[in-house]
Asker: 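This structure is in structure tokens; I'll ask about it shortly.
Everything numeric in this text was worked out from a predicted model, so none of it was measured.
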Amino acid sequence: MEQYIDSTELLQILGISRTTLHRMVKEGLPFTQVGKSKRYNTEEVKVWIDDRQRGIVDLIIGKVYHNQVIAKAFKCSTQGGMRRSHTTNTLVIFSDHTKGIYEDKWIINNMGEEILLYTGMGQEGDQDIDFGQNKTLNESRTNGVRVYLFEAFKTGEHVFKGQVELVEDPYTTVQNSRSVWMFPMRVVGNKYIIPEGLLIEKELEKEKEAQKLSDQDLFNRAKSAEQLGQRYTTSKTFARDPYVSEYVKRRANGLCDLCGNPAPFEDKKGMPYLESHHVIWLSKGGEDTIYNTAAVDPSCHRKLHVLALETDVKKLFDKIGHYKSNEKL
């Protein structure tokens, strides 16, 4: 005789919520009605779930997928940066570098692991940890929901990164003058290392975006820069903040922060050509912020890296301190 279990036992076995089970039943999860209660055969349930998730298993890590294919595989919506599917009991999250709404960032922790600092949902006002799929992601270590990540460097082209997990408690930070939740996520299992060219191309696009901002918006974005982004390409790469770089060049107003001379020439857009330089180098633990970054001409930039004189470091920090004391934005 087949053995059946009740809803409470099934919830414990699957590690899901009662709401998710209710949705799964509505989607066709097999059960037997006994009086007023439902009973479930575990083998039938397993077959049903495996069938629903077959499309996910067929996805290849590192391959580019479009919205319709993703929606079909996960049985989720084609819209949104966080898409919940009760049918497959999954949450699909998207880190889209082609859009400026969120500021997701990759870092490398002390264990040498790539960690994605993923921004929660909610585009206006302060974000709420209990709003929508923020709550699902926050509880993903205990609610049985599997989380999968796609990352986009070109519009509509989503690279499948595979299953990810929340590795630390979420925390709040400020982005564009509002409080947002950041979720530290780590890829589970096989990892796809992105081509370095994609990262470089993304940074160039961000630089163009930064050049279009007003002085006020640029200052707000540059000043809020916090943790330095890092990730693996063919080697460990520093993901510099383009808003910091653009801001310090504007702040210098065409004059080298080290020698004080005008920029040696203008670029193709008629702007004074200066280069951004981290006073304390990133490779030595320096921060990618407007208070550790100066704008210098190419000759001084080369001198700073070749000679690394303490007198030059002091001069740059004095100059930055002068800027800071006169900030009016």
Asker: Using 0.5 Å steps for rounding, measure from the CG atom of Leu116 to the NZ atom of Lys161.
Answerer: 8.5 Å

Asker: Look only at the side chain of Gln127 and the backbone of Trp181, and say whether a donor-acceptor pair between them is shorter than 3.5 Å.
Answerer: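 Such a contact is found between Gln127 side chain and Trp181 backbone.
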
Asker: How far does CG of Leu21 sit from NE2 of His86, to the nearest 0.5 angstrom?
Answerer: 11.5 Å

Asker: Got a donor-acceptor contact below 3.5 angstrom from the Glu9 side chain to the Asp6 backbone?
Answerer: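 Yes; judged by distance alone, with no hydrogens or angles, the pair exists.
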
Asker: Do you know the tightest heavy-atom contact between Leu255 and Gly260?
Answerer: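 Looking at all heavy atoms of both residues, the closest pair is CD2-O, 3.9 Å.
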
Asker: In a check of ring-ring contact (aromatic ring centres under 6.0 Å, His included) between His158 and each of Tyr65, Phe153, Phe94, Tyr148, which one passes?
Answerer: Phe94

Asker: Check step by step if side-chain contact (heavy atoms from CB on, under 4.5 Å) holds for Lys303 and Leu307.
Answerer: CA-CA 6 Å; Lys303 174 191 174 188; Leu307 300 181; 3.9 Å; yes

Asker: Report yes if the side chains of Leu149 and Met185 come closer than 4.5 Å at any heavy-atom pair, otherwise no.
Answerer: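 Not touching, per the 4.5 Å side-chain cut-off.
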
Asker: How many angstroms lie between CG in Leu59 and CZ in Phe74, if you round to the nearest 0.5 Å?
Answerer: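 Between atom CG of Leu59 and atom CZ of Phe74 there are 5.5 Å.
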
Asker: Determine the minimum heavy-atom distance between Asp241 and Asp288, stating which atoms define it.
Answerer: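 Taking Asp241 first and Asp288 second, the nearest heavy atoms are N-OD2, 2.5 Å.
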
Asker: Please tell me if the side chains of Glu287 and Ile280 come closer than 4.5 Å, counting only heavy atoms from C-beta onward.
Answerer: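 The answer is no; the side chains never approach within 4.5 Å.
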
Asker: Could you tell me whether the side chain of Glu124 reaches within less than 4.5 Å of the side chain of Arg178, counting heavy atoms only?
Answerer: no

Asker: Determine the sole option in Thr20, Ile93, Thr90, Leu91 for which the side chain to side chain contact (heavy atoms under 4.5 Å, CB included) test with Thr136 is passed.
Answerer: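 Among Thr20, Ile93, Thr90, Leu91, the one meeting side chain to side chain contact (heavy atoms under 4.5 Å, CB included) with Thr136 is Leu91.
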
Asker: Side-chain heavy atoms nearer than 4.5 Å, only ILVMFWY residues, links allowed to pass through others: does that put Ile49 and Ile13 together?
Answerer: yes

Asker: Please work out which of the three classes, parallel, tilted or perpendicular, describes the rings of His301 and His305, given edges at 30° and 60°.
Answerer: tilted

Asker: Do any N or O atoms from the side chain of Asp297 and from the backbone of Pro264 form a donor-acceptor pair under 3.5 angstrom?
Answerer: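 Checking the backbone N and O of Pro264 against the side chain of Asp297, no donor-acceptor pair under 3.5 Å is found.
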
Asker: For the residue pair Ala295 and Leu274, what are the closest heavy atoms and their distance?
Answerer: CB-CD1, 4.1 Å

Asker: Following the transitive rule for hydrophobic clusters with a side-chain heavy-atom cut-off under 4.5 Å over Ile, Leu, Val, Met, Phe, Trp and Tyr, establish whether Ile107 and Tyr171 coincide in one cluster.
Answerer: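 Yes.
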
Asker: Where is the tightest heavy-atom contact between Tyr243 and Leu218, given as atom of each residue plus distance?
Answerer: O-CD1, 3.6 Å

Asker: Quick check: closest heavy atoms across Cys300 and Val296, and the distance to 0.1 Å?
Answerer: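 That would be CB-CB, 4.2 Å.
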
Asker: Could you tell me which residues satisfy ring pair (Phe, Tyr, Trp, His ring centres under 6.0 Å) with Phe160, sequence neighbours excluded, listed by chain and number?
Answerer: Phe150

Asker: What residue among Glu114, Glu113, Glu168 forms side chain to side chain contact (heavy atoms under 4.5 Å, CB included) with Arg186?
Answerer: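 Testing Arg186 for a side chain to side chain contact (heavy atoms under 4.5 Å, CB included) against Glu114, Glu113, Glu168 leaves exactly one candidate, Glu113.
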
Asker: Measuring from atom NZ of Lys249 to atom OH of Tyr273, what distance do you get when rounded to the nearest 0.5 angstrom?
Answerer: 7.0 Å

Asker: Take a 6.0 Å sphere around CD of Gln33 and say whether it holds more than 12 heavy atoms from other residues, nucleotides or ligands.
Answerer: yes

Asker: According to a hydrophobic-cluster definition based on side-chain heavy atoms being under 4.5 Å apart (Ile, Leu, Val, Met, Phe, Trp, Tyr only), do Ile61 and Ile70 belong together?
Answerer: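 The answer is yes; both residues are in one hydrophobic cluster.
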
Asker: Within a strict 4.5 Å, meaning less than it, do heavy atoms of the Asn292 and Phe317 side chains meet?
Answerer: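 A side-chain contact under 4.5 Å exists here.
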
Asker: Any pair with a residue in residues 66-81 that passes side chain to side chain donor-acceptor pair (under 3.5 Å), sequence neighbours left out, goes on the list, sorted by first then second residue, please.
Answerer: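 Qualifying pairs, neighbours excluded: Asn67-Arg83.
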
Asker: Applying side-chain contact (heavy atoms from CB on, under 4.5 Å), run through Phe183 and Ile129 and close with a yes or a no.
Answerer: CA-CA 10 Å; Phe183 297 84; Ile129 192 69; 3.7 Å; yes

Asker: If we only count heavy atoms from C-beta on, is the Val279 to Ile320 side-chain gap below 4.5 Å?
Answerer: yes

Asker: Do Leu166 and Tyr118 come close enough that some side-chain heavy atom pair is under 4.5 Å?
Answerer: no

Asker: Checking salt bridge (Lys or Arg N to Asp or Glu O under 4.0 Å) for the pair Arg250/Glu246: CA distance, chi angles, key distance, verdict?
Answerer: CA-CA 6 Å; Arg250 286 195 202 178; Glu246 176 65 19; 3.1 Å; yes

Asker: Taking atom types as modelled, is there a side-chain donor on Arg251 or Thr293 under 3.5 Å from an acceptor on the other?
Answerer: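 No - no donor-acceptor pair under 3.5 Å links their side chains.
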
Asker: If you draw a 6.0 Å radius around CZ in Arg39, do more than 12 non-hydrogen atoms from other residues or ligands fall strictly inside?
Answerer: yes

Asker: State plainly whether one hydrophobic cluster holds both Ile115 and Val188, where clusters connect Ile, Leu, Val, Met, Phe, Trp and Tyr through side-chain heavy atoms under 4.5 angstrom apart.
Answerer: no

Asker: Look only at the side chain of Asn326 and the backbone of His322, and say whether a donor-acceptor pair between them is shorter than 3.5 Å.
Answerer: yes

Asker: Passes side-chain contact (heavy atoms from CB on, under 4.5 Å), Val167 versus Asn109? Steps please.
Answerer: CA-CA 11 Å; Val167 293; Asn109 66 13; over 6 Å; no

Asker: Quick one: side chain to side chain donor-acceptor pair (under 3.5 Å) pairs with a partner in residues 253-268, sequence neighbours left out?
Answerer: Asp257-Tyr323

Asker: Report the distance from atom CD1 of Ile290 to atom OG of Ser276, rounding to the nearest 0.5 Å.
Answerer: 13.0 Å

Asker: Is there a path of hydrophobic side-chain contacts, each under 4.5 Å between heavy atoms of I/L/V/M/F/W/Y residues, joining Val159 to Val57?
Answerer: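 In one cluster with Val57: Val159, no.
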
Asker: Taking C-beta and beyond as the side chain, do Val25 and Tyr40 meet within less than 4.5 Å on heavy atoms?
Answerer: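 With C-beta onward as the side chain, the pair touches.
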
Asker: Do Glu275 and Pro298 come within less than 4.5 Å of each other through their side chains, counting heavy atoms only?
Answerer: yes

Asker: Considering all heavy atoms of both residues, which atom of His97 and which atom of Trp106 are nearest to each other, and what is their separation?
Answerer: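 Result for this residue pair: NE2-NE1, 4.4 Å.
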
Asker: How long is the span from the NE2 atom in His278 to the OG atom in Ser245, to the nearest 0.5 Å?
Answerer: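 Output value for this atom pair is 8.0 Å.
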
Asker: List the steps and the verdict of side-chain contact (heavy atoms from CB on, under 4.5 Å) for Thr32 and Lys38.
Answerer: CA-CA 6 Å; Thr32 298; Lys38 294 180 175 65; over 6 Å; no

Asker: Without swapping roles, check the side chain of Arg23 against the backbone of Ser85 for a donor-acceptor pair under 3.5 Å.
Answerer: no

Asker: Would you find more than 12 non-hydrogen atoms of other residues, nucleotides or ligands less than 6.0 Å from Arg141 atom CZ?
Answerer: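 Yes.
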
